[in-house]
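Just so you know, these numbers come straight off a predicted model, no measurement behind them. Every number for a ligand or one of its atoms is a count from 1 in the order of the listing.
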Amino acid sequence: MSMLKAKLSSQVPDLRERVRNLGKNHGTKTISQVTVEQVLGGMRGVKSLICDTSEVGLDYGLVIRGIPILKLTEKLPEDVLWLMLTGELPNEKESKDLQSELNSRMDVPEHIWNILDAFPADTHPMNMLSSMVTALGYGSKFKHEYEKGLKKDLYWEYTLEDSLDLIAKMPVIASAIYRKRFGKGDIIKPKKDLDWGANYAYMLGVEENLDEWYRLMRMYMVIHCDHESGNVSAFTSHVVGSALSDVYYSLSAGLAGLAGPLHGLANQECLKFILEVLNHFGKVPGDEELRVYAKERLDKGLVIPGYGHAVLRVTDPRFTASLEWGKKVIPNDDRFMMVEKLFRIVPDLLIEQGKAKDPWPNVDAATGALLYHYGIKEIEYYTVIFSVSRALGICSQLVLSRAMGEPITRPKSVTTDWLEKEVSK
Ligand code: CMX
């Protein structure tokens, strides 16, 4: 048995007991009330989900199992996976054990490569990724065991098995999508002696500044890995998983949400915006020129990608991590200089406009500039990189949800008529 599975086996009974006690002893207590505004406004702020992997505070951002994300940026992504699942960082032996678990599960079945070959050449990489993740479900161990008759207590174990299989394969299929879709040459096979994040970086085929590139990719994988469970992708995966669909279906459904421009596609849109500005001015514009340009965009009713957030009301610490990286490592890169300039200009413009509740940069505002610098210039690919990282959090949430024995998700909807009658009482 892997050390991770052994650790979880020792924790799950207690977790299940805590959840059972909450239901039994406090089931009728009220923790949140729902206003009409919340019903009309995307359920914003309604406390109705349980998620232990991470928490997002509106005035401090992402905290993973009690540790602020800025304290985790130098960790390996697989260590953060362990942290999300167990609540503790692994020791060296545990970390190595998880690494070799993942390395032993990287082989991708042949039918997946046939599917990759069959896509029209200009398919969006996110279409490719979500289809290939669903297709990997052919090998779902959970589905197989469930069909044979699986006790509810064991659901989490096979969900963990599927999750580790899927997480191990994500960098392999994602890098293959990159190489195939953008004509980069043959697919690069994983190196069994590299850690998970570095392996992904390696398989993309970047050839220069490899140490820096590997470090950046590990950091990227850590900062995008989770954002509690109410966001579009995690929530979607949770809902699908609650029907006992396997993690392949669940993750691919979540990725379909991540592919939306208001969610994960924003990182593509951010760099697209930066490149448009550079192209328009033929250089990095002056502050005033940029202010006028950005204001015109807002006046046309368009959003400034990378700014604003449904929960946060401060600069996203994940943006801070990327900004600090850029300042230290690539301060003179044109795209990065644009990131810094936008940070000086856009919040004031959004405050002046008075619509956005959060005028500050989110995770997507800076990462594109970093990826571009190291040669990943195909912006349509960026959300795939986000997806590889987010698989860590989404799969962890699915495992813990099964460990807690959560039931199928089924909130109540009301009609517009009902709402009108209710408020006029
Ligand atoms: N530029 C211009 N207008 C913005 C804005 C921005 N960056 N952010 C919010 N607004 C506008 C909204 O469009 C909305 O306008 P309407 O009232 O005309 O519809 C108004 O301000 C109020 O929105 P909000 O309550 O502050 O924001 P929401 O919670 O509804 O939406 C988000 C949050 C992220 C979708 C929104 O800020 C946005 O569209 N940002 C740009 C896209 C982006 O960066 N998304 C990535 C988010 C991170 C992630 O999930 O990956």
**Study point:** Nearest-contact summary for atom 50 (O) of ligand 1 - protein heavy atom, Å
**Key:** H263 ND1, 2.7 Å
**Study point:** atom 10 (N) of ligand 1: nearest protein contact (heavy atom, Å)
**Key:** A356 CB, 3.7 Å
Practice item. Would you tell me which option among T383, L298, N362, I304 has the nearest heavy-atom contact to atom 6 (C) of ligand 1? Key: I304
Check your understanding: Is there a donor-acceptor pair under 3.5 Å between the side chain of E94 and the backbone N or O of N91?
Key -> yes
Point to revise | Short side-chain to backbone donor-acceptor contact, Q11 and T86, under 3.5 Å | key: yes
Check your understanding: Which heavy atom of the protein is the closest neighbour of atom 51 (O) of ligand 1, given with residue, atom name and distance?
Key -> D364 OD2, 3.1 Å
Check your understanding: When you measure from atom 17 (O) of ligand 1 to each heavy atom in K355, R297, H227, R313, which option holds the nearest one?
Key -> K355
Review point. Under 4.0 angstrom from atom 45 (N) of ligand 1, is there any protein heavy atom?
Key: yes
Check your understanding: Given the protein's heavy atoms, is any one of them under 4.0 Å from atom 48 (C) of ligand 1?
Key -> yes
Practice item. Only heavy atoms count here, so choose which of L265, D358, V346, V303 is nearest to atom 2 (C) of ligand 1. Key: V303
Point to revise | Nearest protein heavy atom under 4.0 Å from atom 8 (N) of ligand 1, yes or no | key: yes
Review point. Is the cationic atom of R215 (NZ for Lys, CZ for Arg) positioned less than 6.0 Å from the six-membered ring centroid of Y220 and within 45 degrees of its normal?
Key: no
Point to revise | Heavy-atom gap R44 to ligand 1 smaller than 4.0 Å | key: yes
Check your understanding: Are E161 and R105 ion-paired here, with the side-chain N under 4.0 Å from a carboxylate O?
Key -> yes
Practice item. Provide, to 0.1 Å, the distance between atom 25 (O) of ligand 1 and the closest protein heavy atom, together with that atom's residue and name. Key: K357 NZ, 2.8 Å
Review point. Does E37 CD have over 12 foreign heavy atoms under 6.0 Å away?
Key: no
Point to revise | Interfacing atoms of ligand 1 (cut-off 4.0 Å, heavy-atom, A266) | key: 43 (C), 44 (O), 45 (N), 46 (C)
Study note, to complete from the structure: Partner of V363 under side-chain contact (heavy atoms from CB on, under 4.5 Å), picked from L312, D316, I69, is D316
Practice item. Using distance alone, decide if ligand 1 has a nitrogen or oxygen within less than 3.5 Å of any nitrogen or oxygen in V363. Key: no
Exercise for review: Please find out if less than 6.0 Å separates the ring center of F281 from that of Y293.
Suggested key: yes
Revision key, fill the gap. of all protein heavy atoms, closest to atom 27 (O) of ligand 1 is H309 O, 4.6 Å
Practice item. Compute the shortest N/O to N/O distance between L262 and ligand 1 and return yes if it is under 3.5 Å, no if not. Key: yes
Exercise for review: Could you tell me whether E157 and K141 make a salt bridge, using a distance below 4.0 angstrom between a side-chain N and a carboxylate O?
Suggested key: no
Exercise for review: Please answer whether the main-chain N or O of L89 pairs with a side-chain N or O of D79 as donor and acceptor at a distance below 3.5 Å.
Suggested key: no
Review point. With the threshold set at 4.0 Å, does a side-chain nitrogen-carboxylate oxygen contact exist between R181 and D122?
Key: no
Exercise for review: Could you tell me whether K341 and E289 make a salt bridge, using a distance below 4.0 angstrom between a side-chain N and a carboxylate O?
Suggested key: no
Review point. Between W213 and H373, is any pair of side-chain heavy atoms under 4.5 Å apart?
Key: no
Review point. Under 4.0 Å from atom 19 (O) of ligand 1, is there any protein heavy atom?
Key: no
Exercise for review: Name the closest protein heavy atom to atom 40 (N) of ligand 1, giving the residue it belongs to and the distance to 0.1 Å.
Suggested key: Y307 O, 2.9 Å
Check your understanding: Are any of the heavy atoms in L350 under 4.0 Å away from ligand 1?
Key -> yes
Revision key, fill the gap. If we number the atoms of ligand 1 from 1 as shown, the ones under 4.0 Å from a heavy atom of G306 are 43 (C), 44 (O)
